[in-house]
Chemist: 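Take a look at the following structure, please.
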Amino acid sequence: MSDHPLLDSLNEQQRAAVTHYGGPALVIAGAGSGKTRTIVQRIAYLMAEHKVYPQQILAVTFTNKAAGELKERVEGLIGNAAKDLWVSTFHAACLRVLRTYGELIDLRPGFAIYDESDQLDLIKNVLESVPGLGDANPRVLRALIERAKSQLWSPQMLASSGEQKLGGTIAGIPLELLIEVYRRYQARLHRANAVDFSDILSRTVELFEAHPNTLDNVQQRAVFIHVDEYQDTNKVQYQLTRLLAEKYGNLMVVGDPDQGIYSFRGADVRNILDFQQDYEDANVYRLELNYRSTGRVLEVANAVILHNENRLEKELKPVKDTGERAKVYRAVDHRAEADFVARQVERLMAERAYGFDDFVVLYRTNVQSRVLEEAMRRASIPARIVGGVGFYERREVKDALSYARAALNPADDVAWQRILNRPKRGIGKTSLERLAGAAAKRGVRFVDALRAADEILKGTPAVARIANFLALMEELIESVDLLPAAEFLRTVLEESGYRKALEDEGSFEAQARLENLDELLNALSEWEEDGGGSIGEFLDEAALLASVDDRAVKAVNPDAPEQAVTLMTLHNAKGLEFPIVFLVGLEEELMPHRSSTGSLQEVEEERRLLYVGITRAQEELFFVHCESRMRFGRTEYTRPSRFLEDIPEGTLVDIDVFGRDLSDSGLNKFPRRTWRPPSIEVATGSTQITSFRGGEKVEHPRYGAGTVVGVSGEGMRAEITVVFDQGGAKRLMVKYSNLTTLP
């Protein structure tokens with residue numbers, strides 16, 4: 001190995017990866033192990049030691065920010081020569097290719113790129129021409145088309161084998177109608193000389209496969225290829241990488257399968273898991289030295305992720321000292337959980353030289369932010385939500401509360417206009433503008449214009465729909481002062497069709513909106529339990545909570561830049577780090593989430609998500625779970641997350657609300673009450689009685705061998721979920737399961 005100055009600051013594992021020259025390489029880069037530094041040094045080393053031209057090097061990342069940072073850091077090492085490097089995102093790299101060679105696949109110069117809004121407008125136009133799809137949700141169709149393109153499925157491919165690829169009906173849309181919309185959508189794009197963002201990748205694959213000479217030209221510009229975050233690539237990105245690397249084979253992929261958490265976006269962690277099968281002569285380098293976290297934090301992280309079967313061997317090793325043990329707090333309920341977090345922020349800031357920016361609170365779903373926001377405000381602790389908006393600023397929350405505002409106040413034109421076509425009632429933007437214009441011209445309220453719709457809109461189809469809307473609102477106006485606040489909101493969501501519209505949409509985004517509406521119901525129920533009054537009084541309270549109050553920041557130091565405790569989902573935390581990390585909601589049905597326990601693959605991704613959260617912590621880590629949590633306006637008892645069982649006894653310390661170690665304080669230690677799947681007595685095929693708890697190997701006469709991943713229910717209603725090696729996940733009634741246990 002050369003003693004080049006570029007290697008002086010690297011550890012042994014990094015040096016080995018940086019000095020790799022020819023052929024494929026897999027760099028398994030653990031959290032906090034200096035992944036970006038390794039890529040930067042490797043590019044600089046290729047140019048300095050092996051005299052590789054910058055025009056021969058391609059580095060692909062997932063964000064423009066990451067690409068810019070990488071190129072800037074290489075420039076800092078080798079100077080202006082780095083300006084000729086090809087460093088970009090997948091989309092930017094492919095767009096560059098299409099701008100140069102697009103005419104070969106009938107993309108004329110100056111072709112347009114349709115953004116999400118353009119796509120939705122185009123799909124709406126297509127829907128008008130497809131019988132039977134007038135009521136289909138354009139956003140759902142857009143998501144399905146994007147999913148197909150990310151897998152390189154053309155309309156023709158779906159037509160021939162779509163049943164296997166997507167199933168018969170997706171989000172309520174028959175497959176044949178989806179194919180027809182997809183086909184017409186692509187035809188409209190072609191006619192408009194346009195591509196959407198998914199096309200930028202898929203059409204580049206089409207270009208390379210149809211025109212080998214063009215591929216050869218591009219390969220000359222990508223003799224040495226680096227792909228960052230390879231665990232997050234999807235099918236089309238995988239295929240692009242394969243095509244670009246097939247001539248020279250100098251492909252280095254960098255990533256961590258233990259941090260593969262984006263399957264809902266189409267990412268396939270198997271791309272990195274199977275890399276050594278795709279490239280049998282690949283060298284493997286493991287970056288295991290962690291510069292971010294203390295030894296105790298890494299001990300927890302390693303213990304958790306070790307329970308995943310689908311991973312590549314790696315163990316994070318600390319460079320920092322041992323540090324403090326991770327702490328566990330068991331709260332009475334979700335409000336006590338939020339209050340505990342606020343109290344610990346205050347305590348730690350008083351005891352040590354921490355600022356608000358040193359704290360992050362991580363949770364599985366956005367709905368969990370509401371009580372945290374409120375607890376921070378009560379404690380005058382500034383907080384910022386990353387990757388989202390405040391709870392009372394979310395669209396569906398504002399929509400639901402606007403119904404209450406409109407029912408309470410007929411003069412509230414903003415509320416009436418907001419809810420007129422939410423959910424969609426076939427009252428378009430043009431009709432709304434004509435009504436609003438007429439109200440302004442006549443000097444009357446918007447609701448008065450609605451009542452004169454037959455005159456203003458002159459018998460258009462919207463008139464009857466407005467009449468139905470007004471009838472709904474009359475019922476709500478009558479009941480707004482009669483029903484308790486939470487019951488009124490339930491009535492709004494049901495009678496307006498708002499909940500049903502989201503349920504019918506069936507998308508990931510729609511599910512998140514439904515969860516936010518359920519959390520709004522929880523807020524109203526808590527309001528009533530705490531002696532709150534009418535829905536009108538709740539609206540006043542919500543308006544105050546939604547306002548931004550930065551006085552707490554100024555009180556700390558009037559001259560200091562704004563600081564705040566960070567609140568974010570675990571998915572948004574990827575790539576970040578904080579001295580103090582709170583992981584809240586460590587309970588079954590939240591972590592792992594209730595929608596992600598149907599298969600071994602889903603449970604393992606949930607465990608990876610927790611692993612990502614743990615490895616954000618530089619110094620201290622807190623796990624928090626509740627004895628009860630409000631769901632759908634009702635208090636339900638919870639069970640601690642099964643993932644807490646992955647952590648060896650003695651690694652964690654139970655603490656009280658003041659942060660004191662219960663084992664040292666003289667107080668009674670909380671019973672851990674760790675999660676145990678309900679034990680179900682099953683009569684197996686061999687008539688033997690077996691107690692299943694999860695993890696057992698079993699065999700079914702039809703589906704073959706599999707693994708038990710979950711059990712639920714009691715008595716005659718008991719069910720068992722098994723992931724079969726060939727048939728995937730199946731949920732079986734226990735009394736009919738006819739399973740045989742395997743050794």
Side-chain angles (χ1 to χ4, degrees), residues 7-17 27-38 41 256 258-259 285-307 313-329 341 344-362 563 565-566 570 573-584 586 610-624 643-644 646-656 658-665:
L7 307 177
D8 289 346
S9 61
L10 303 178
N11 63 46
E12 184 178 348
Q13 298 166 329
Q14 292 170 332
R15 279 187 171 219
V27 180
I28 306 171
S33 63
K35 168 177 64 71
T36 303
R37 184 185 195 186
T38 302
Q41 301 286 104
D256 183 4
D258 290 339
Q259 297 186 72
Y285 306 96
R286 289 176 169 81
L287 306 187
E288 297 176 303
L289 284 181
N290 177 283
Y291 294 88
R292 175 187 299 155
S293 306
T294 62
R296 288 273 174 73
V297 169
L298 297 184
E299 184 180 8
V300 173
N302 288 329
V304 167
I305 203 62
L306 187 64
H307 288 74
E313 184 181 347
K314 177 185 86 278
E315 180 181 359
L316 295 179
K317 301 168 184 175
V319 173
K320 288 185 174 181
D321 59 15
T322 302
E324 298 190 24
R325 282 191 292 172
K327 300 171 178 64
V328 181
Y329 178 69
V341 173
Q344 295 310 303
V345 170
E346 292 175 324
R347 177 182 68 83
L348 290 166
M349 288 186 65
E351 293 177 358
R352 310 176 202 175
Y354 286 125
F356 290 119
D357 282 350
D358 293 327
F359 298 88
V360 67
V361 188
L362 302 178
Q563 288 195 0
V565 173
T566 300
L570 285 158
K574 180 84 174 293
L576 303 177
E577 57 186 37
F578 297 84
I580 311 294
V581 171
F582 293 91
L583 284 161
V584 300
L586 265 291
L610 178 60
Y611 174 81
V612 166
I614 293 169
T615 54
R616 300 311 95 195
Q618 296 171 303
E619 298 173 18
E620 286 203 55
L621 177 66
F622 292 82
F623 293 116
V624 193
F643 298 145
L644 291 175
D646 297 341
I647 304 172
E649 192 71 29
T651 305
L652 304 177
V653 55
D654 289 282
I655 61 173
D656 65 12
F658 302 104
R660 298 177 300 190
D661 184 343
L662 290 174
S663 61
D664 298 331
S665 65

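Keep in mind that the numbers below use all heavy atoms, side chains included, and drop hydrogens, waters and symmetry copies.
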Chemist: Look only at the side chain of Arg286 and the backbone of Lys314, and say whether a donor-acceptor pair between them is shorter than 3.5 Å.
Modeler: no

Chemist: Between Glu288 and Lys317, is the closest basic N to carboxylate O distance under 4.0 Å?
Modeler: yes

Chemist: Got Arg37 and Ser9 here, is their nearest side-chain heavy-atom distance under 4.5 Å?
Modeler: yes

Chemist: What is the ring orientation for Phe582 with Phe359, classed by angle as parallel under 30°, tilted 30 to 60°, or perpendicular over 60°?
Modeler: parallel

Chemist: If you round to the nearest 0.5 Å, how far is CG of Leu316 from OH of Tyr611?
Modeler: 3.5 Å

Chemist: For residues Ile614 and Ala301, report the shortest heavy-atom separation together with the two atoms involved.
Modeler: CG2-CB, 3.7 Å

Chemist: Do Tyr291 and Asn11 have side-chain atoms, one donor and one acceptor, less than 3.5 Å apart?
Modeler: yes

Chemist: Quick one: CD on Gln618 to NZ on Lys320, what's the gap to the nearest 0.5 Å?
Modeler: 5.0 Å

Chemist: Output, in order, the C-alpha distance, side-chain angles, deciding distance and verdict of side-chain contact (heavy atoms from CB on, under 4.5 Å) for Tyr285 and Thr38.
Modeler: CA-CA 11 Å; Tyr285 306 96; Thr38 302; over 6 Å; no

Chemist: Within a strict 4.5 Å, meaning less than it, do heavy atoms of the Val612 and Leu570 side chains meet?
Modeler: no

Chemist: Flag the pair Asp256 and Lys35 as a salt bridge only when some basic side-chain nitrogen lies within less than 4.0 angstrom of an acidic carboxylate oxygen.
Modeler: no

Chemist: Quick check: do Asp321 and Thr294 have side-chain heavy atoms less than 4.5 Å from each other?
Modeler: yes

Chemist: Between Leu583 and Leu621, is the side-chain contact (heavy atoms from CB on, under 4.5 Å) condition met? List the steps.
Modeler: CA-CA 8 Å; Leu583 284 161; Leu621 177 66; 3.7 Å; yes

Chemist: If the condition is side-chain contact (heavy atoms from CB on, under 4.5 Å), which residues does Arg347 pass it with, not counting sequence neighbours?
Modeler: Gln344, Glu351, Phe622

Chemist: From Ile655 CD1 over to Lys327 NZ, what is the distance, rounded to the nearest 0.5 angstrom?
Modeler: 6.5 Å

Chemist: Just verifying a value: how many Å separate Arg292 CZ and Leu576 CG, rounded to the nearest 0.5 Å?
Modeler: 8.5 Å

Chemist: Working to the nearest 0.5 Å, report the span between CG of Asn302 and OG1 of Thr615.
Modeler: 10.0 Å

Chemist: With distance as the sole test, does Glu577 use its side chain to make a donor-acceptor pair with the main-chain N or O of Ser293 at under 3.5 Å?
Modeler: no

Chemist: Pick from Leu362, Asp357, Thr566: which one makes a side chain to side chain contact (heavy atoms under 4.5 Å, CB included) with Phe578?
Modeler: Thr566

Chemist: If I take atom CG from residue Leu644 and atom CG from residue Leu652, how far apart are they, to the nearest 0.5 angstrom?
Modeler: 7.0 Å

Chemist: Locate the shortest heavy-atom distance separating Arg616 from Ala31; write the atom from each residue and the value.
Modeler: NH2-CB, 3.9 Å

Chemist: Decide whether Glu620 and Tyr354 meet the rule of one side-chain donor and one side-chain acceptor closer than 3.5 Å.
Modeler: no

Chemist: Would you call Val345 and Met349 a side-chain contact if the rule is heavy atoms closer than 4.5 Å?
Modeler: yes

Chemist: How close do Leu586 and Phe623 get, counting heavy atoms only, and between which atoms?
Modeler: CG-CD2, 4.0 Å

